[in-house]
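Heads up, the thing below is written out as structure tokens.
The structure presented is a predicted model; accordingly, all values stated were derived computationally and were not measured.
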Number of protein chains: 2
Amino acid sequence: MPVAAPTLADVAESAGVSRQTVSNAVNNPDLLRPDTLLRVQEAIAELGYVPNRAARNLRTRASHLVGLRLSPVLEGNATAVGDRFVHSLVWTSREAGYHVLLFSGEGHAAIDGYEDLLRSTAVDAFVVTDTYLGNPQATWLRERRAPFVAFGRPWDDPDARHPWVDVDGAAGTEMATRHLLDKGHTRVAWIGWRKDSFIGEDRRSGWSRALHERGLSTTGMASRVEDTVSSGREASAVLLDEARPSAFVCASDTLAMGVLHTLAERGLQPGRDIAVAGFDDSQVAQVVHPGLTSVRQPLEEVAVAVVRSLEDLLATPSYVGEGLLLTPSLTVRPSTG
Amino acid sequence: MPVAAPTLADVAESAGVSRQTVSNAVNNPDLLRPDTLLRVQEAIAELGYVPNRAARNLRTRASHLVGLRLSPVLEGNATAVGDRFVHSLVWTSREAGYHVLLFSGEGHAAIDGYEDLLRSTAVDAFVVTDTYLGNPQATWLRERRAPFVAFGRPWDDPDARHPWVDVDGAAGTEMATRHLLDKGHTRVAWIGWRKDSFIGEDRRSGWSRALHERGLSTTGMASRVEDTVSSGREASAVLLDEARPSAFVCASDTLAMGVLHTLAERGLQPGRDIAVAGFDDSQVAQVVHPGLTSVRQPLEEVAVAVVRSLEDLLATPSYVGEGLLLTPSLTVRPSTG
DNA sequence: ATGAAAGCGCTAACAT
DNA sequence: ATGTTAGCGCTTTCAT
């Protein structure tokens with residue numbers, strides 16, 4: 001049923017020109033005389049010619065594909081953010097003429113995945129999303145001089161030369177904290193991640209900065225736990241008993257949900273009795289009662305910046321990467337009054 | 001820095017065999033004498049040879065890529081399900097030697113996306129996820145005789161010959177309803193989608209079946225609304241006033257969240273005063289207080305079945321598609337007592 | 001402005 | 001069991 005797809009040669013014959021002229025009509029139309037161009041374009045339209053990617057890829061040594069490794073399904077904010085980011089990336093890439101190739105693999109298999117795709121010329125570059133300290137992938141890619149753009153700062157090496165885009169988490173939590181201070185709160189507690197998380201410490205610094213700015217002390221007002229609902233629940237219960245905060249700022253929506261659990265158990269109303277702010281503006285923040293105030297990462301902008309870097313990187317072999325830090329926004333909902 | 005990647009010819013020379021023998025060593029090792037195979041494999045390992053995909057794709061007319069269109073970001077369960085499914089699909093595909101290529105586009109642009117990828121031989125097949133009534137994509141793919149597997153039944157054409165995999169939504173809501181009936185509830189309300197949604201009507205049928213089975217009436221106990229939190233909130237408020245249900249079964253977690261809003265506003269406790277069950281076992285169901293009982297789709301199984309169909313489809317040109325209906329499970333949480 | 005020649009790296013088909 | 005030949009469809013280089 002599906003007849004053999006037309007090739008460059010078919011179009012050339014139909015239009016009465018050489019194959020090369022057809023190729024130019026597709027890739028460098030300026031080289032053709034207008035009437036020739038028109039004739040070729042008509043032939044292309046009539047035959048429904050579409051260039052064969054494999055042949056083009058072979059010849060040009062480029063696939064116009066960018067690889068993105070999907071981390072194993074994670075609970076918490078990672079999933080929510082990941083999904084939104086992937087959408088934005090796919091959308092933005094398309095406009096730049098790229099498609100996104102997804103692959104999987106953890107630990108050693110992840111490296112194998114990168115290596116295989118790179119060496120087999122399946123992708124032109126990678127987008128790397130988890131650049132936590134000592135991430136073997138980023139290190140490997142750097143050593144390999146593989147073209148990649150990171151969503152996330154190179155926390156462990158500020159001098160890293162690869163292009164990256166990140167969101168200023170500290171600015172986000174500072175924004176959330178100020179919002180609460182402006183509402184009259186003076187006892188604002190923090191629930192964040194363990195100290196070995198660079199991202200967690202960054203977000204925490206925004207909270208403490210905002211408090212110090214107003215001459216308020218942070219002593220005894222912070223807790224560092226795992227990124228789970230139950231950890232958030234327990235931490236908030238302890239803080240409520242020991243520090244008597246009137247508001248919580250959390251490093252993630254997951255932790256903020258834990259706070260909401262504690263409030264529900266104690267018959268306290270979020271937003272009226274105790275204010276709560278989360279981070280990521282996940283689905284959960286949007287649909288939970290009464291609506292959770294949350295810091296929102298500009299993932300669409302991140303995707304745009306990532307793709308722009310990708311284009312520079314691929315256009316200029318000697319491209320020296322730059323870092324770009326974007327500012328999040330605060331989505332205010334009833335949980336902060 | 002990166003020296004030219006070794007080719008088949010380099011390996012052949014290094015091992016003292018012909019290029020074809022190296023090709024066979026990679027693709028049909030059984031054809032080689034053990035000692036030759038070993039020699040070639042050593043040469044491959046030493047040179048770090050990896051076959052060039054573009055060249056292989058050109059020759060074999062296959063890309064080992066499956067295309068998946070990402071629908072625009074949706075609120076509600078769609079996102080949650082989409083993310084889990086994509087993960088599963090990527091994971092499963094890898095084991096079958098396929099990668100997933102993501103693309104975007106809506107309406108007319110969506111068709112263009114399919115057409116372009118197909119004609120340019122960028123992908124071998126597609127996975128289609130939104131097979132709602134009159135979906136122009138599925139129709140187009142069918143007419144085009146493009147290889148694809150659908151996640152979702154061909155509701156508008158039961159005789160459709162393409163392979164599909166779907167989850168038995170009616171079985172899921174029936175399970176949820178029975179669970180509530182077993183708990184002693186006799187007044188179980190339904191909040192679902194508008195009547196033009198096949199999926200919505202299917203899910204609704206499971207609820208009514210379970211009630212009728214126990215000789216209970218469904219009259220006045222159902223509401224059909226948009227899939228939003230506020231719709232669920234309003235519908236549940238009306239039902240509570242007019243039908244006095246002691247439990248709700250919802251077509252989505254989004255609607256169930258709306259019910260939770262109403263309960264919170266009235267000072268009613270989910271699970272103690274009123275039972276609530278949702279659908280999709282989304283992140284929201286997991287983290288909301290006190291935990292939302294929800295029907296969980298076996299997306300990992302769906303992905304496995306989809307990939308299996310894909311393999312059959314691509315191995316057998318004349319493959320006649322089959323449908324496969326999988327059964328969901330019920331994740332019980334405190335919202336149902 | 002257009003065409004001819006060459007070859008990217010691989011594998012199917014056919015020899016030996 | 002291994003080698004030889006041919007060519008997938010395209011673009012780069014060079015000639016006209």
**Asked** When we call it a touch if two heavy atoms are under 4.0 Å apart, what does Leu32(A) touch: a base, just sugar-phosphate, or nothing?
**Response** sugar-phosphate
Check the distance between [N]'s [atom2] and [X]'s [atom1] and give it to me in whole angstrom.
X        : N       : atom1 : atom2 : result
Asn52(B) : dC10(C) : CG    : P     : 6 Å
Asn28(B) : dC10(C) : CG    : P     : 15 Å
Arg59(A) : dC8(D)  : CZ    : P     : 16 Å
Asn24(B) : dC14(C) : CG    : P     : 16 Å
His64(A) : dC10(D) : NE2   : C1'   : 13 Å
Asp10(B) : dC8(C)  : CG    : P     : 11 Å
Ile44(B) : dG9(C)  : CD1   : P     : 16 Å
Leu8(A)  : dA4(C)  : CG    : C1'   : 14 Å

Could you tell me whether the phosphate oxygens of [N], OP1 or OP2, come under 4.0 Å of any side-chain nitrogen or oxygen in [X]?
X        : N       : answer
Arg53(A) : dG9(D)  : no
Thr7(B)  : dG9(C)  : no
Thr36(B) : dT2(D)  : yes
Asn57(B) : dC10(C) : no
Thr21(A) : dT2(C)  : no

**Request:** Go through dG9(C), dT11(D), dA1(D) for me and flag the one nearest to the Arg33(B) side chain.
**Result:** dA1(D)
**Complete:** Picking from dT11(C), dC10(C), dC10(D), the nucleotide nearest the side-chain atoms of Tyr49(A) would be dC10(D)
**Message:** I'd like to know if Asp83(A) pairs up with Arg84(B) as an ion pair, taking the criterion as any Lys NZ or Arg NE/NH1/NH2 lying under 4.0 Å from an Asp or Glu carboxylate oxygen.
**Reply:** no
**Message:** Has Thr92(A) got a side-chain atom pairing as donor or acceptor with Ser88(A)'s backbone, closer than 3.5 angstrom?
**Reply:** yes
**Request:** Taking the side chain as every heavy atom from C-beta outward, state whether Trp164(A) and Val128(A) have any atom pair closer than 4.5 Å.
**Result:** no
**Message:** I'd like to check Leu117(A) versus Phe103(A) (side-chain heavy atoms, cut-off strictly below 4.5 Å). Are they in contact?
**Reply:** yes
**Fill in**
Per nearest nucleotide of DNA chain D, the residue lying toward the 5' end, Ala54(A) or Asp30(B), is Asp30(B)
**Message:** For a quick check, tell me whether the side chain of Arg19(A) and the base of dT11(D) share a donor-acceptor pair closer than 3.5 Å.
**Reply:** yes
**Asked** Mind checking whether Phe126(A) and Tyr114(A) have parallel, tilted or perpendicular rings, split at 30° and 60°?
**Response** perpendicular
**Message:** Both Leu31(A) and Gln20(A) contact DNA chain C. Taking the nearest nucleotide for each, which residue is further toward the 5' end?
**Reply:** Leu31(A)
